[in-house]
2 protein chains.
Amino acid sequence: MVNHKTSTLGFALLGLIWQAPRSGYDLRKFFSSTPMISFSDSPGVIYPALRRLEQSGLIQSAEGSGRRGRKMFEVTSRGRAEFRRWQTQPVMQQDLVRNLDALMLRFAFMDQFAEKGAALRFLKSFQKELAAYIPNLRKYLKSNRDHMPRSGRLALESGIQAYETHLRWTRGAVATYRQAKGES
Amino acid sequence: MVNHKTSTLGFALLGLIWQAPRSGYDLRKFFSSTPMISFSDSPGVIYPALRRLEQSGLIQSAEGSGRRGRKMFEVTSRGRAEFRRWQTQPVMQQDLVRNLDALMLRFAFMDQFAEKGAALRFLKSFQKELAAYIPNLRKYLKSNRDHMPRSGRLALESGIQAYETHLRWTRGAVATYRQAKGES
DNA sequence: TAGTCCATGTAAGATGTTACATGATTCA
DNA sequence: TGAATCATGTAACATCTTACATGGACTA
């Protein structure tokens, strides 16, 4: 068994297969027809990624798979453990800057696959990193705005606004979870 | 001369070198110390990318480059033409979904390198694609919200909010340009 | 029976990640 | 002189992009 380091795409596939056993074709169609369109639905991406997940022992093809010609995959217990490990890592500043999409993917599957409380911990951790990072951007803008071209300044402001929107979102999300807790 | 298809990183380098001749080291430091930190500052990324730009004839190393050991690059006329072509392409829905960062990069250099009016054309084009795309996400949310897990729904809402923030930003940016035009 | 969709794959090539390597320069 | 920083590079590896290839099933 070869051990590949799972990519963001790999975790997306793993999460979807965990939701319900799926074939490569199902996954391609899912990507092309939902907001997960940000992932490529090309066969040259999906099938090799599935083979890697299988080689790493994170998924296996189910026997007696549906229609002839289809190969259905299901998640193994190793796959579930690996997914949870990835999903519940603390949020780092680097994730914010380089991999915001992966962060949201981790959160998207939180209710289904992580233990209770993981969603709130994630949100708090995300919030903390955002609150620490946004002032850096503001500082840079303040020091440099006068000798930045207008479009450069606007682009930076757009980035700041995007992070602020995420921060606002985390507050709403935390409230949603708190409320649900109170009701239960 | 080999012709490589220039990547987003390549255009980032090209734009920065156009602003002022720079060495690989300068570029690495720029990435690591400004909001362009989203690009890798690793030498294993920067130096090969510079070689590719040079091989494609988009940059050349300047003679008598500064301190001993440094190689300063400057943009060629082919490089300028290629940058402008990339920068002034119309915005496609695919750019929105897969390459939002590249879009903002294109805009960031607009005032410096594109002809007058290009910034406004870009903003209008961006606006149009955003206005066309956001309703798709809303529709998906509306049809699926009842059988989505809470965290999945929240993640989708975060995506919608991010796009809406960009749309709001374009309106502010258009106003900025209009105002400057009126004043001039 | 012809066209479309289902379904899986391979191959070439470019790019990015990470780690390693080397030597010059500056400054305490 | 030793450490940090300047400065450029290579090499192994994994991944993604794009294009091509193949055959079965369905349906007008």
Side-chain angles (χ1 to χ4, degrees), chain A residues 2-14 17 21-33 36-56 58-59 61-62 64-73 92 94-95 97-99 101-102, chain B residues 1-14 17 21-33 36-56 58-59 61-62 65-73 92 94-95 97-99 101-102:
Chain A
V2 189
N3 234 316
H4 304 274
K5 216 179 96 190
T6 311
S7 67
T8 303
L9 168 64
F11 284 112
L13 296 170
L14 203 50
I17 293 169
R22 299 179 203 247
S23 68
Y25 193 75
D26 290 338
L27 292 158
R28 290 182 56 208
K29 289 297 132 180
F30 192 87
F31 285 154
S32 64
S33 66
M36 285 183 82
I37 185 85
S38 60
F39 291 97
S40 169
D41 70 336
S42 159
V45 176
I46 306 292
Y47 293 107
L50 287 170
R51 200 184 316 131
R52 287 193 297 272
L53 288 173
E54 197 174 21
Q55 282 173 349
S56 306
L58 307 182
I59 62 174
S61 54
S65 343
R67 263 171 295 179
R68 183 195 138 87
R70 308 181 82 208
K71 196 155 70 181
M72 302 295 282
F73 290 100
M92 317 278 277
Q94 202 185 301
D95 299 319
V97 176
R98 303 284 290 277
N99 235 356
D101 290 349
Chain B
M1 191 171 56
V2 189
N3 235 318
H4 304 274
K5 217 179 96 189
T6 311
S7 67
T8 303
L9 168 63
F11 284 112
L13 295 171
L14 203 49
I17 293 168
R22 297 180 204 246
S23 67
Y25 193 76
D26 290 338
L27 292 158
R28 291 182 56 208
K29 289 297 132 179
F30 192 87
F31 285 154
S32 64
S33 67
M36 285 183 83
I37 185 87
S38 60
F39 291 97
S40 169
D41 69 336
S42 159
V45 176
I46 306 292
Y47 293 106
L50 286 170
R51 200 184 315 132
R52 287 193 298 272
L53 288 173
E54 196 174 21
Q55 282 173 349
S56 306
L58 307 183
I59 62 175
S61 54
S65 340
R67 262 171 296 181
R68 182 193 140 84
R70 308 180 81 208
K71 196 155 71 181
M72 302 293 284
F73 289 101
M92 318 278 278
Q94 203 185 299
D95 298 319
V97 176
R98 303 284 292 275
N99 235 357
D101 290 349

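As the structure is a computational prediction, the values presented were derived from the model and not from experiment. So you know, we letter chains A, B, ... as the sequences are listed, proteins then strands, and number each from 1.
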* How does protein reach along nucleotides 9-14 of chain D, written 5' to 3' as B (base within reach of a heavy atom under 4.0 Å), S (only sugar-phosphate), or - (no contact)? -> BB----
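Within the model, atoms CD1 of B:I17 and CZ of B:F73 stand 6.5 Å from one another, a figure rounded to the nearest 0.5 Å. Rounded to the nearest 0.5 Å, atoms CG (A:L50) and CG (A:L58) are 11.5 Å apart. Distance check, rounded to the nearest 0.5 Å: CG of B:L53 to OG of B:S7 gives 7.5 Å.
Here A:F11 pairs with A:W86 under the ring-ring contact (aromatic ring centres under 6.0 Å, His included) rule; sequence neighbours left out. Applying the side chain to side chain contact (heavy atoms under 4.5 Å, CB included) test to A:A12 and every residue at least two apart in sequence or in another chain returns A:F31, A:M36, A:F39, A:L105. By the side chain to side chain contact (heavy atoms under 4.5 Å, CB included) test, B:S33 pairs with no residue at all, sequence neighbours left out.
Between B:R22 atom CZ and D:dA7 atom P the separation is 14 Å, expressed in whole Å. Whole-Å rounding puts the B:F11 CZ to C:dT15 C1' distance at 14 Å. Whole-Å rounding puts the B:L13 CG to D:dT8 P distance at 13 Å. If you measure from atom CE of B:M72 to atom P of D:dT8, you get 9 Å, rounded to the nearest angstrom. Following rounding to the nearest Å, B:E54 (CD) and D:dT8 (P) show an atom-to-atom distance of 12 Å. The nearest whole Å value for the distance from the CG atom in B:D41 to the P atom in C:dT18 is 11 Å. For the pair A:L50 CG and D:dT15 C1', the computed distance is 14 Å after rounding to whole Å. In this structure, A:N99 places its CG atom 15 Å from P of C:dG16, rounding to the nearest Å.
Applying a 4.0 Å cut-off to non-hydrogen atoms, the residues of residues 23-31 of chain A that approach DNA chain C are A:S23, A:G24, A:Y25, A:R28, listed by residue number.
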Which pairs would a plain distance check flag for residues 21-30 of chain B, meaning a side-chain donor or acceptor within less than 3.5 Å of a matching protein atom at least two apart in sequence or in another chain?
residue: B:R22; atom: NE; partner: B:L16; partner atom: O; Å: 2.8
residue: B:R22; atom: NH2; partner: B:Q19; partner atom: OE1; Å: 2.9
residue: B:S23; atom: OG; partner: B:Y25; partner atom: N; Å: 3.4
residue: B:S23; atom: OG; partner: B:D26; partner atom: N; Å: 3.0
residue: B:S23; atom: OG; partner: B:D26; partner atom: OD2; Å: 3.2
residue: B:S23; atom: OG; partner: B:R70; partner atom: NH2; Å: 3.1
residue: B:D26; atom: OD1; partner: B:R70; partner atom: NH2; Å: 2.5
residue: B:D26; atom: OD2; partner: B:S23; partner atom: N; Å: 3.1
residue: B:D26; atom: OD2; partner: B:R70; partner atom: NH2; Å: 3.0
residue: B:R28; atom: NE; partner: B:D41; partner atom: O; Å: 2.7

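With a 4.5 Å cut-off on side-chain heavy atoms, A:T8 and A:D101 do not count as touching.
Here the side chain of A:S42 is nearest to one of D:dT18, D:dT17, C:dG16, namely D:dT18.
No option in A:R51, A:R52, A:Q55 other than A:Q55 meets the side-chain hydrogen bond (donor to acceptor under 3.5 Å, both in side chains) test with A:H4.
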